[in-house]
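Everything on this sheet refers to the single structure shown next.
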Amino acid sequence: MTWNELTDRVRHYCQVTGEFIYFTRDTFYWLAVAPLTGKGSIRGEASFIQMVRLGLGAMPIVGLVCFFIGMILALQMAYILQKIGALSYIANIIGVAMARELGPLLTGLVMAGRAGASNSAELGTMKVSEEIMALDASAINPHRFLVVPRLLALLAMMPCLTLLSSIVGVLGGLFIATSLLDISSYQYLDKTFLSVVARDLWTGLVKSVAF
C-alpha cells in the first residue's frame with residue numbers, strides 16, 4: 001500500500017465517522033430536543049406505521065428463533081444437569097437466561113438484521129432516486145421526516161418483542177422438558193415463576209432499548 005492510498009483510506013474513514021456523528025446528532029435533536037423546545041413535533045402517525053411494519057412484522061421470526069433457542073438450551077443443559085441430579089433446575093436457568101440476557105440479545109440481533117436491512121434498502125433507494133434531496137428542497141428535514149419515526153418505532157417495540165422472546169423461549173424449554181425429560185408442565189412453570197423476579201424482567205427490557 002502506497003502512502004497516497006493510506007492517506008486516502010484514512011481520509012475516507014474520518015469522513016464516514018464525521019458523517020455518522022452528525023447524523024446521530026441531528027437524529028436525536030429532532031427526537032428529543034426539538035419537540036421539547038417547540039421547534040418540531042414527532043410524527044405520531046408515521047411512527048405508528050413503522051411500529052406495525054418493523055415491530056409486528058418481526059414477531060414471527062423473533063418468536064421462531066427464541067423458541068428454538070429455548071429448546072436447544074433445555075437439550076444441552078439436560079446432558080450436564082442429569083449427571084449431578086439437578087435436572088429440575090432447567091426451568092430456573094432458562095427463565096433467568098431468557099429474561100436477563102438471551103431475550104434482549106437475540107431480539108436485538110434479529111431486529112438489526114431485519115429492520116436494519118429493510119430501512120437501509122428503503123432509505124438507500126430514496127437517496128439514489130433523489131427523494132431525500134427533494135425533501136431538502138421542500139424545506140423538510142429528512143431526519144425528522146424519515147429517520148425519527150423509524151428510530152422511535154424501534155425504541156418502542158424492542159421491549160415488547162423482548163418480552164415476547166422471553167416467553168416463547170421459556171415455552172421452547174417447556175416443550176423439551178415435558179416431551180423428553182419427564183418434567184411436568186406444572187413443575188416447570190412453577191420453578192420458572194419462582195426463579196424469575198421483576199428485576200430480571202426490567203434488566204432485560206432496559207438492555208433491549210440499548211440494543
Find out whether [X] and [Y] are in side-chain contact, i.e. whether some heavy atom of one side chain is under 4.5 Å from a heavy atom of the other.
X: L75; Y: Y79; result: no
X: F28; Y: T24; result: yes
X: V209; Y: P159; result: yes
X: L109; Y: V65; result: no
X: F23; Y: V147; result: yes
X: M59; Y: V62; result: no
X: K127; Y: M133; result: no

Would you name the heavy atoms of [X] and [Y] that are closest together and state the gap between them?
X: I94; Y: G70; answer: CD1-O, 3.9 Å
X: M77; Y: I90; answer: CE-O, 4.2 Å
X: S47; Y: L152; answer: OG-CD2, 3.6 Å
X: Q50; Y: P149; answer: CB-O, 3.9 Å
X: A91; Y: K191; answer: CB-CB, 3.9 Å
X: G204; Y: T162; answer: O-CG2, 4.0 Å

Find out if a path of hydrophobic residues (ILVMFWY) with successive side-chain heavy-atom gaps under 4.5 Å connects [X] to [Y].
X: I69; Y: I93; answer: yes
X: L56; Y: I167; answer: yes
X: V206; Y: L201; answer: no
X: I72; Y: F67; answer: no
X: V52; Y: I42; answer: no

Note to self: One pair to check against side chain to side chain donor-acceptor pair (under 3.5 Å): R53 and S118. What are the steps and the verdict?
What the structure shows: CA-CA 10 Å; R53 186 175 72 89; S118 174; 2.7 Å; yes
Any chance you could measure [X], atom [atom1], to [Y], atom [atom2], to the nearest 0.5 Å?
X: N92; Y: Y188; atom1: CG; atom2: OH; answer: 9.5 Å
X: L181; Y: Q82; atom1: CG; atom2: CD; answer: 6.5 Å
X: W30; Y: R25; atom1: CH2; atom2: CZ; answer: 11.5 Å
X: Y22; Y: T17; atom1: OH; atom2: OG1; answer: 12.5 Å
X: Q187; Y: D182; atom1: CD; atom2: CG; answer: 10.5 Å
X: L106; Y: I61; atom1: CG; atom2: CD1; answer: 11.0 Å

Check: Passes side chain to side chain contact (heavy atoms under 4.5 Å, CB included), L146 versus L135? Steps please.
Finding: CA-CA 10 Å; L146 298 174; L135 292 176; 3.8 Å; yes
Check: Regarding S165 and T107, is there a side-chain donor-to-acceptor distance under 3.5 Å anywhere?
Finding: yes
Margin query: Show me the pairs that pass ring pair (Phe, Tyr, Trp, His ring centres under 6.0 Å) and involve residues 98-139, at least two apart or across chains.
Written below: none
Checklist line | Whether T27 side chain and H143 backbone form a donor-acceptor pair below 3.5 Å | finding: no
Checklist line | Verdict with supporting geometry, L123 and R150, side chain to side chain contact (heavy atoms under 4.5 Å, CB included) | finding: CA-CA 11 Å; L123 296 178; R150 289 167 170 79; 4.1 Å; yes
Item checked: Atom CZ of F211: over 12 foreign heavy atoms under 6.0 Å -> yes
Next item on the list: May I ask you to check whether over 12 heavy atoms, not counting those of E45, lie within 6.0 Å of atom CD?
Entry: no
Note to self: Would R114 and N119 count as a side chain to side chain donor-acceptor pair (under 3.5 Å) here? Give the steps.
What the structure shows: CA-CA 9 Å; R114 186 184 185 279; N119 287 332; over 6 Å; no
Next item on the list: Tell me, with the steps shown, if M111 and M157 meet side chain to side chain contact (heavy atoms under 4.5 Å, CB included).
Entry: CA-CA 10 Å; M111 293 303 291; M157 295 306 297; 5.8 Å; no
List the atom pairs, donor and acceptor, that lie under 3.5 Å between side-chain atoms in residues 169-179 and the rest of the protein, sequence neighbours left out.
unit_1: T178; atom_1: OG1; unit_2: L174; atom_2: O; d: 2.8
unit_1: T178; atom_1: OG1; unit_2: F175; atom_2: O; d: 3.3
unit_1: S179; atom_1: OG; unit_2: F175; atom_2: O; d: 2.5

